[in-house]
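Just so it is clear: chains get the letters A, B, ... in the order the sequence lines come, proteins before strands, and each one is counted from 1. No experiment lies behind these values; they were computed from the predicted model shown.
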Amino acid sequence: MSATAERPVAEAAAGETEVMTYREALRLALREEMARDERVFLMGEEVGVFEGAYKVSAGLMQEFGEDRVRDTPIAEEGFVGAGVGAAMLGERPVVEIMTINFLVVAMDQVVNHAAKIGAMFGGEVRCPLVIRTPNGAGNQLTAQHSQSFDQWFASTPGLKVVSPATPADAKGLLKAAIRDDDPVLVIENLPIYKQRGEVPLDPDFVVPIGRAQVLREGSDVTLVAHSYATVRALAVAEQLASQHGISAEVVDLRSLRPLDVETVAASVAKTNHAVCVEEGWPTYGVTAELAARIQHACFDDLDAPVERVGMAEVPLPYAKNLELAAMPNDERIAGAVLAALSRKN
Amino acid sequence: MPRLSDSMEEGTILRWLVADGAAVARGDEIAEIETDKANMTYEADAGGVFHRVAAEGDALPVGAVIAHVLGDGESAPSGGAPAAAPAGPVAGEDDSAGGAAEVVSPAPPAGSAAAPDASPSVSAVGDGSEPGERIKASPVARRLARELGVDLASLAGSGRSGRIVKADVEAAAAAPAQAPATAAPAPAAPAAPAASATGKGDVTVVELTSTQKTIARRMAESKATVPDFQVRTEADVTDLLALRAQMKAARESAPSVNDFVVKACGLALREHPRANGAYRDGAFELYGRANVGVAVAAEGTLIVPTIFDADAQPVTAIARTTRALAARVRDGKILPPELSGGTFTVSNLGMFGVTSFTAVVNPGQAAILAVGAAVQRPTVAPDGSIAPRALMDLSLSCDHRILYGADAAQFLARVRELLQTPFALLA
Amino acid sequence: MSVATAPAPDVSDVAALAPETRRELYETMVLSRVFETEAERQYKAARIGGYCHLSSGQEATTVGVVHALQPDDLLVTGYRSHGFALARGTSPEAVMAELFGREDGCAHGRGGSMHILDVTRGYYGGWGIVAGQLPVATGLALALVRQGKPQAVVCELGDGAVNMGAWHESLNLAALWKLPIVFLVVNNEYGMGTAVGRASAEPELYKRASAYRMHGERVDGDDLDAVLEASERLLRAAREDRAPAVLEAMTYRYRGHSVADAGLAYRTKDEIAEHQAHDPIRRVRQQLREAGVAEVELEAIDKRADERVAAAVELALASAEPDVAQLAAGMHASGSAEQFARMRPGSPFGELALTFDAGLGA
């Protein structure tokens with residue numbers, strides 16, 4: 001990674017890629033956008049001196065100064081709202097919320113303020129705010145620190161919500177979010193921060209908001225997922241192929257609002273079976289929306305009901321074995337695929 | 001064979017508790033059956049005449065026919081040895097319909113014997129939308145079944161809960177079609193007119209459908225190989241038409257004249273085995289069932305669906321079945337099993353005003369009956385007076401290798417006799 | 001219930017206000033009062049729906065503070081917004097049309113009474129969640145600092161908002177980051193129907209600023225000159241020294257919390273009458289008389305206000321209702337329609353697609 005930190009951003013040629021972690025890809029996106037546009041600034045708890053609770057902003061304060069990498073007190077409602085106000089005056093704040101569990105504290109500013117500005121004021125003023133925050137569970141962080149409220153925000157008109165699952169998409173979508181003139185929530189993920197992948201070094205590489213991507217082609221069943229669930233789905237697809245001879249297609253949503261239903265529907269129309277996976281609770285969740293859309297768009301192409309896999313419907317317990325059982329683990333995902341295909345094994 | 005425990009798959013008849021032919025009432029004990037868990041006593045769930053099918057000691061799967069309890073006027077289904085009806089999903093329904101209550105759980109499969117009036121799924125013509133019993137099939141399976149002309153009722157589902165899935169429909173559609181006629185009643189596509197040098201005007205060359213090719217081949221084969229002769233008579237159907245009118249008044253619909261003809265033929269065939277057979281490879285083949293094929297004209301072609309056991313079926317059932325089959329022919333949905341198994345054929349051109357004609361013997365059968373329109377004619381009554389009666393021409397074409405003049409004449413006379421005493425056809 | 005106020009301003013300050021300016025301010029105060037009275041009438045005639053919060057009686061605070069704003073200063077308020085928009089210079093017809101939900105309204109009929117705004121005049125709304133506007137206003141001030149601009153922000157809030165967490169977080173940020181913002185606490189003695197003393201452990205609200213080492217002071221909100229003096233001073237400090245402050249303006253609203261509130265469940269008619277005896281508009285009128293303005297001129301001002309408001313109603317009624325086919329207009333920035341294009345299948349709106357086709361960020 002140090003090679004990238006020293007390489008001046010402007011020199012990167014289009015088409016060139018480098019393998020880096022998801023976290024490093026986010027950092028690269030922030031560096032590039034902050035270098036490109038002086039209105040972009042980072043704000044959040046521990047983003048400066050501490051170098052980021054999850055080290056995403058490491059080195060940025062040294063490079064851009066404390067005015068542009070601004071440490072805040074623990075006051076989510078306050079500094080998210082400050083981000084809203086600053087954006088209304090044309091700044092491009094990137095507010096980091098340590099984890100999505102704490103975004104709940106600032107719900108009013110996100111839902112009642114940021115999401116409403118465009119519509120409520122008749123288009124007279126915009127709010128180009130970016131909020132970045134990881135969701136996810138694992139490592140026994142227990143009930144209050146292990147949630148994925150993606151759907152709360154994805155169901156709010158006025159917001160855009162993206163959730164990259166690969167390092168390349170992390171860079172491309174964060175850049176797209178920063179360049180977008182609307183409030184965008186970028187949902188990252190704790191275990192995904194260390195995933196490695198090829199990332200384009202082109203400073204204008206941007207992944208369009210509202211486009212899903214087929215990460216693995218298949219013919220028997222469609223697995224739809226986002227964030228860490230995509231990582232799981234890819235692993236399960238591999239296992240299904242080698243152990244069961246099942247060919248699974250994996251669709252990574254990448255964007256929750258807008259949601260690319262067309263790509264999902266095209267895939268399910270081809271495979272006739274859908275299994276939707278999410279990290280959060282499936283009741284009223286992202287997978288619930290997918291199931292509704294799929295049954296509507298692909299009614300005459302379905303060979304089985306749409307299956308959903310998510311976190312068990314409990315506040316996540318501490319004990320390791322309970323945590324593993326509660327998460328949408330590979331076993332449960334594979335089981336859902338077998339059920340959809342009416343197979344015992 | 002009833003399902004007497006949740007895990008029971010097969011049962012053994014230990015002992016019959018009623019005599020064959022005895023009258024039983026609902027609730028009477030009729031058999032002792034050994035199951036996987038215990039010996040159970042089975043009680044009749046309807047009253048009537050007990051007609052044994054399985055023997056003591058027979059081990060049969062759940063759903064197999066072990067006996068019949070016949071209602072008034074019903075006769076036991078024909079056929080010697082009991083056929084083990086396929087054990088479909090045991091829904092636990094009591095099939096105690098008003099008529100002949102079979103001691104078996106699921107609905108009979110396509111083309112099987114004894115379809116009583118009250119049975120929910122009527123013989124071979126069910127598709128996914130039968131009101132009586134909803135078929136579990138996935139949306140894509142239904143769509144494909146529609147598109148490929150597959151009858152969902154004839155499929156067993158391999159999906160969860162017995163759901164019919166796409167693979168099941170695809171497999172059924174790919175199954176090879178049975179001889180003789182594959183259902184292809186689509187109109188032939190006309191080719192471009194060729195230039196004419198023959199003085200006959202523009203010539204349009206029309207390619208034959210596979211059905212038309214089959215008809216051409218078989219009719220030529222028949223004429224070339226079958227030494228055929230015809231016997232004719234006229235049936236006085238005045239009383240038959242009156243009976244029809246009464247039936248129509250009573251319940252808004254009545255079997256057609258042809259349905260009565262089919263019934264009459266069925267009964268007559270039962271009494272004249274050589275008419276219900278075929279000359280084949282130097283021997284007579286005589287058939288145990290009287291299955292009458294009814295010729296149906298469809299777009300540009302001729303299709304002959306089969307009415308199985310025309311002797312045993314009530315004429316009302318024959319009527320219903322014939323109508324449904326004709327509809328399926330017209331919709332292009334007829335299936336091979338519905339077109340095979342015929343032992344005799346009836347062809348009726350009366351609706352076109354044809355008073356008499358001669359049909360071509362169907363290869364593999366002994367005879368074919370050509371029926372004309374019923375026409376009012378002056379006839380001479382026994383006392384010498386002239387009276388108008390409705391007369392209908394019956395022309396029987398026969399394969400002389402199996403049917404001789406007297407046989408043919410007697411058969412035809414019997415048909416005529418039955419038609420002239422129509423109450424005999426109501427059984 | 002009267003409250004102790006800051007010492008009365010110097011007489012010289014009163015004279016410092018040019019008569020012409022005083023007359024203009026008076027005119028604005030009268031316009032505001034007439035407008036609010038008419039709004040109440042129109043609300044009861046069902047031409048205005050939803051919530052309608054009137055500021056009748058608070059004109060000295062509203063007009064005085066706004067007058068202290070420079071043209072490029074920014075203003076953020078809660079939902080008692082009409083007077084602030086009018087004081088800032090937004091036309092009464094634009095405000096009335098918004099109340100009527102018409103296309104020519106400030107927010108094109110999308111916001112209503114609580115969401116009046118005028119970006120061209122630096123008025124960034126018009127917000128409906130109590131204290132929700134404080135973090136937003138703090139953000140505006142932060143942006144001014146980042147952009148190196150010498151302007152300041154006035155963030156208006158009511159006495160009920162000071163007990164929300166957002167008050168605490170915003171004041172802390174403003175003081176910590178030295179933001180150019182004045183938090184104007186309009187203390188009209190009641191948060192909806194709850195007297196300040198029943199809601200606030202520290203009812204002298206300006207004192208709470210000291211928790212953040214921020215300057216706080218109280219002023220007689222019904223004394224136009226006092227309000228002017230305090231606002232000008234604090235705004236100058238904010239602009240020049242980046243020193244945020246709390247200005248608590250003591251005033252009174254004659255009408256209920258909103259038009260739907262008769263305002264009598266929690267206070268007596270006598271109390272209202274007592275305050276009306278010190279009507280800030282009457283005070284300024286008296287000052288104008290003493291300064292030599294003729295009665296006919298004062299009456300002409302009143303009449304002009306009536307006419308302007310009547311004309312505003314006419315224009316508002318003539319304005320078109322927003323196009324239903326533009327249901328989602330303004331919600332997203334232009335270019336967003338493309339992003340949402342693939343979300344249509346299975347849309348709960350079916351073919352109508354009211355949201356996705358109805359003017360979404362085209």
Verify side chain to side chain contact (heavy atoms under 4.5 Å, CB included) between A:Arg68 and C:Arg146, making sure each step is shown before the conclusion.
-> CA-CA 9 Å; A:Arg68 295 192 69 191; C:Arg146 296 207 69 245; 3.4 Å; yes

Portion of [X] that has a non-hydrogen atom of chain C nearer than 4.5 angstrom:
X: A:Pro128; value: neither
X: A:Asp108; value: side chain
X: A:Phe299; value: neither
X: A:Thr72; value: both
X: A:Arg70; value: side chain
X: A:Glu38; value: backbone

Can you tell which of [options] has the highest number of heavy-atom pairs within less than 4.5 Å of chain A?
options: C:Ala166, C:Ala329, C:Pro322; answer: C:Ala166
options: C:Val145, C:Val153, C:Thr138, C:Ile129; answer: C:Ile129
options: C:Gly105, C:Gly132, C:Gly139, C:Gly125; answer: C:Gly139

In terms of heavy-atom pairs under 4.5 Å with chain C, which of [options] leads?
options: A:Ala75, A:Ala292, A:Gly123; result: A:Ala75
options: A:Ile74, A:Asp180, A:Val125, A:Leu259; result: A:Leu259
options: A:Thr263, A:Asp260, A:Val80; result: A:Asp260
options: A:Pro258, A:Ala297, A:Pro93; result: A:Pro258
options: A:Ala82, A:Cys127, A:Gly210; result: A:Ala82
options: A:Met43, A:Glu76, A:Glu77, A:Glu124; result: A:Glu77

Looking only at non-hydrogen atoms, find the nearest pair between [X] and [Y] and report the distance.
X: C:Glu169; Y: A:Gly78; value: OE1-N, 2.5 Å
X: A:Glu91; Y: C:Ala143; value: CG-CB, 3.6 Å
X: C:Gly346; Y: A:Arg293; value: O-CD, 3.3 Å
X: C:Ser336; Y: A:Asp182; value: OG-OD2, 3.3 Å
X: C:Leu140; Y: A:Gly85; value: CD2-O, 3.3 Å

Counting a contact as any heavy-atom pair under 4.5 Å apart, which residues of residues 109-119 of chain A contact chain C?
->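 Heavy-atom contacts from residues 109-119 of chain A to chain C are A:Gln109, A:Asn112, A:His113, A:Ile117, A:Gly118, A:Ala119.
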
Should we say atom OH of C:Tyr51 is surrounded by more than 12 heavy atoms from elsewhere, each under 6.0 Å from it?
->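 No.
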
So for [X], is it side chain, backbone, both, or neither that comes closer than 4.5 Å to the heavy atoms of chain A?
X: C:Glu338; value: side chain
X: C:Ala137; value: neither
X: C:Ala141; value: neither
X: C:Leu176; value: side chain
X: C:Asp118; value: neither
X: C:Leu74; value: side chain

Do any N or O atoms from the side chain of A:Arg257 and from the backbone of C:Phe340 form a donor-acceptor pair under 3.5 angstrom?
->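 Looks like no, no N/O pair under 3.5 Å.
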
Note, [X] side chain near [Y] side chain (heavy atom, < 4.5 Å):
X: C:Gln339; Y: A:Ser255; result: no
X: C:Gln147; Y: A:Arg39; result: no
X: C:Arg344; Y: A:Glu262; result: no
X: C:His332; Y: A:Lys160; result: yes
X: A:Pro73; Y: C:Leu173; result: yes

Positive for ring-ring contact (aromatic ring centres under 6.0 Å, His included) with A:Phe121, one of C:Tyr123, C:Tyr124, C:Trp127 | C:Trp127

Distance (rounded to the nearest 0.5 Å) between C:Lys149 NZ and A:Leu89 CG =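 Result: 6.0 Å between the selected atoms.
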
